[in-house]
Protein chains: 2
Amino acid sequence: MDKNYFVSQLKEFSESYQINVDEDILGEIVNKATFRVISKGEIIASIGEKTTAAALVLSGLARCYYIDNDGNDITRGFAPEGTMCMDEGFFGYSERICMWETLEETTLMLCKTEDIKKLIKENVAIKDAWILLLERALRYKIYRENGFLVENATERYIHFKKMYPNLSETVPQKHIATYLGIAPESLSRIRRAMKETD
Amino acid sequence: MDKNYFVSQLKEFSESYQINVDEDILGEIVNKATFRVISKGEIIASIGEKTTAAALVLSGLARCYYIDNDGNDITRGFAPEGTMCMDEGFFGYSERICMWETLEETTLMLCKTEDIKKLIKENVAIKDAWILLLERALRYKIYRENGFLVENATERYIHFKKMYPNLSETVPQKHIATYLGIAPESLSRIRRAMKETD
DNA sequence: TTTGTGCATTAACATATGTTAATTACCATT
DNA sequence: AATGGTAATTAACATATGTTAATGCACAAA
């Protein structure tokens, strides 16, 4: 295992959040973490499980989804390279209420929940980083709430494509549709209408 | 001004978040804060303004709302007694993107943004409290996202009534409707359908 | 190449929600 | 009590999205 490589990836991640953490602390995190390469289409976390770790996507793509009362698969969100597979399992709920899977071959850095919580507690720089991460997540959810309140499905799709230009090419339409809160057939119809009107 | 009374209210607020903060720090916060009693129907913050303070609702009720492209008033959320009028103006955006108004006579405790940020920076207990507050806000937004993804308007209304039994009596239907992402006329229809089927 | 499997598209129809306009109910003020 | 203004309800119709089923397409396995 090439520790320095992982440290530099973690550094890149933290810098993408405008966070500065000493390299020795990043090294400490990497020392405690485990790394997994997961092939496409694997389940990496399931409903009802205890949340024992948080994952950073070093490469690849993960998807978080609900199973609703009728058994339908509904996408809650995507975790592309450089983001975390993080959900409320990490704060407040010990049992997962959603699933995670890989949509491509994916490399994960896994950090035990207890290790992260200890780091957050003991290290002010990490605690500040955690705050920034929470604030960003909250802003994102507010942005999404705004979409459901004031936009129709077509507008939400347009904004999705702007925000995730790569994903809209590689991810199955059905997952994008449920992420937008509509049926896959509806997204198909919307795409056609957008083509026809240029 | 009865400082002790405000300190006890602030204590109640922090305990509702399972937060323990020394009383002298609460006293310090109260010393720095200003208090305002605002009559029903007043605008307390507007789009485009700089966010200079955060407000805790000591009594009464406030409402946060967007104005969409067509000029429609769309409710983003409510801040009943014991909660904060907090939006992304406090973290990341300096300019407000939404409005706040009172729906009843309301008493606010106003804390300057700079004062809170200083407190968060310098006092670990406050910093931990801020984390808990962010986590709770994030859980709430995830709950809401879930509603838009897997529920229809009727189900969202039922859940709203369970979560805010008081509000569903006192708040104008039109605000509840836009909060649920539907037109007031649609909520009216839903309520009638619910009555008819018991 | 053949076969099988899942995905995207399409069409027809069903349902939920939006829109408009009229009516009624409910207040606050005078 | 009378008035005026806002909110809620209702109905008729418009539109967006859901549902079902059929078809075609792409890709992987045999």
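Reckoned from all heavy atoms, side chains included, excluding hydrogens, waters and symmetry mates. Chain naming here is simple, since letters A, B, ... match the order of the sequence lines and numbering starts at 1 in each. Since this is a predicted model, take the numbers as computed values, not measurements.
A/Y164 and A/F160 have tilted rings, their planes meeting at an angle from 30° to 60° on a 0 to 90° scale.
Residues near A/I97 contribute nothing to a hydrophobic cluster around it, because no ILVMFWY side-chain heavy atom sits closer than 4.5 Å to its side chain.
A 4.5 Å side-chain heavy-atom check between A/R144 and B/F148 finds every atom pair outside the cut-off. Looking at B/I182 and B/I190, their side chains come closer than 4.5 Å, going by heavy atoms from C-beta outward. For the pair A/D22/A/E28, no side-chain contact is recorded, criterion being any heavy-atom separation below 4.5 Å from C-beta on.
Computed from coordinates, the A/L103 CG to C/dG6 P distance equals 17 Å when rounded to whole Å.
Of the charged side-chain nitrogens involved, none lies within less than 4.0 Å of a carboxylate oxygen, so that A/D128 and B/K121 do not count as a salt-bridged pair.
With the end axes of the helix from C/dT1-D/dA30 to C/dT30-D/dA1 each set by five pairs, the angle from one to the other reads 40° at 10° resolution.
Heavy atoms of other residues, nucleotides or ligands lying less than 6.0 angstrom from CD of B/E12 number 12 at most. Under a cut-off of 6.0 angstrom, the local environment of OH in B/Y5 is sparse, with at most 12 non-hydrogen atoms contributed by other residues, nucleotides or ligands.
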query = Can you give one letter per nucleotide of nucleotides 9-26 of chain D, going 5' to 3': B for a protein heavy atom under 4.0 Å from the base, S for sugar-phosphate only, - for none?
reply = BBS-----BBBB------
